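Okay, structure first, notes after.
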Amino acid sequence: MVDALFQLPERTVTLDDPVAGLSGIIVLHSTALGPAAGGCRLWRYPSQQACVRDAMRLAEGMSYKNAMADLPLGGGKAVLRLPDQPFDRNALFEAFGRAVEKLEGTYVTAEDVGTSVSDMAAVSTLTRHVAGLDARPGRPGGDPSPWTARGVFRGMEVAVARRLGRTLDGVTVAVQGLGNVGFALCGLLHEAGARLVVADTRSDVVDRAVEMFDAKAVPVDEILFADVEVLAPCALGAVLTGASIARLRAKVVCGAANNQLAHAADGRCLADRNILYAPDYVVNAGGIINVSAEYLGWALEEVAPRVDAIGARLGSLFDSADTLGVAPHEAANLAAQAIVAARRAPDRAAA
Ligand code: NAI
C-alpha cells in the first residue's frame, strides 16, 4: 500500500475523445527501469479528480511492483471512466489504443479491473504496446491468474516457514475470495497438504472448493477472523484495517488482493500483533511477470523460475525488515524506491 505519492509521475496524458466515449488518464509514473507498464482500468468515478487520484496511486504501485519483480519495466496505469450512457466498447478501446500508440512504447497496457482480453484485442489493432492477449502455442500469455496464484503460494511457503517453522503440510489457511486467483491458490495449497477454510459471495465456487479441496466453508463476514494459521486475502483491497487486524487470529497474512492494507500504518499494526505480513505487491507479481514475458518476447520456460523467485525475494525482504527494524511493507517500499532511484541517479548526473 502506497499512501502518499513518494514521487510524482514523469508524465500524464489526459484522454478525452467524446465521440468514442473515451475519458480518463494515462499516468507514466516511472520509465527509469523500462517502459511504464500497468493495466487499463475501466471504472465509474464520481469526478475526473477521483479518476486522476486513483491512476496516480496505481501507477506508482506498478513502479514498485515491477521493480520488486526484477522486471525491466517502469510503472504506469491507464484509468478510463465508464461512460454513463450506453457506448460502443470497441470504439472506446480503439480510441484508447490510438492514445497508447502515440506514446511510442513508453507505456505498455494490459487488462485490469473492468477490462478483458477482448478489449485488449481491440487495443492491439491500433498499437503493439499491449499485452494480456490470448497466448500463442508455446508462448507466454493468456490468463495471468494461475501465475499469480503460484507466486502467492511461493511467498506463503517462505512466510509460514519463517513465522511458524513449518511447511504448508497440515497448516490451516483461510482463503477470502475464490475467483481466478483464489481458486487456483486453493488447488496448490490442497496439493501441498494445507487445510482450507474458504468464503466467497458466490455459492457455486464455494461448493466446488468444498468438493474438490475438502475445504470448510464459512460466511463471508467471518473469513478474516477464522481460527487459522494463515489468511490469504484474494478478493478485495483494504481488508486490513485497525478494526479487522485487532480480530485476526492468523499468524501470517499472504494473499493476492491488491492494496490489502487500508492505510500504510495498518502494516505496523500487523507487526505489533506479531502477524507476519507478506507485502501484496511482492507476492502477487506472478501475473505481471507472465504479462511481461508475453510483451518482451521471453521464452515460456523463463516464466516459472521468475515467479518461483518471489519466495526468495520475500525471504530477503523479511531479513531486511528485521535488520532495519521496520515492518515488511515498509521494507518493501524502501527497497522498491531504492531500485527506481538507483536507476534515476546516473540519468540525472548525465543530464
Ligand atoms: P476475481 O474477480 O476472479 O475473484 C474475486 C473473487 O472474490 C470473486 O469470486 C468474488 O465473488 C469474490 N468476492 C468478492 N467480494 C467478496 C467478499 N466480500 N468476500 C469473499 N469473496 C468475495 O479476481 P482475481 O483475478 O481472482 O483477483 C483477486 C484479487 O487479486 C483482486 O484483488 C485482484 O486485484 C488481485 N490480483 C489479481 C491478479 C491476477 O492475475 N488475476 C494479479 C494481481 C493481483
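Just so it is clear, the structure is predicted and the values come from calculations on it, not from any experiment. Counting starts at 1 for both ligands and their atoms, following the listed order.
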### Task
Report the hydrophobic cluster partners of Val326, with the cluster defined as I, L, V, M, F, W, Y residues connected by side-chain heavy atoms closer than 4.5 angstrom, directly or transitively.
Leu324, Leu334
### Message
Can you confirm whether Trp298 is buried at CH2, in the sense that more than 12 heavy atoms of other residues, nucleotides or ligands lie under 6.0 Å from that atom?
### Response
yes
### Task
Just jot down the side-chain hydrogen bond (donor to acceptor under 3.5 Å, both in side chains) partners of Asp266, sequence neighbours excluded, or say none.
none
### Query
Do NZ/NE/NH1/NH2 and the carboxylate oxygens of Glu229 and Arg163 come within less than 4.0 Å?
no
### Query
If you measure from the Lys or Arg side-chain nitrogens to the Asp or Glu carboxylate oxygens, is any gap between Asp16 and Arg81 under 4.0 Å?
no
### Message
List the protein residues in contact with ligand 1, where contact means a heavy-atom separation under 4.0 angstrom.
### Response
Lys65, Pro144, Ser145, Thr148, Gln176, Gly177, Leu178, Gly179, Asn180, Val181, Ala199, Asp200, Thr201, Arg202, Val220, Cys234, Ala235, Leu236, Ala256, Ala257, Asn258, Asn284
### Message
Just to verify, what does Glu101 make a side-chain hydrogen bond (donor to acceptor under 3.5 Å, both in side chains) with, not counting sequence neighbours?
### Response
Thr127
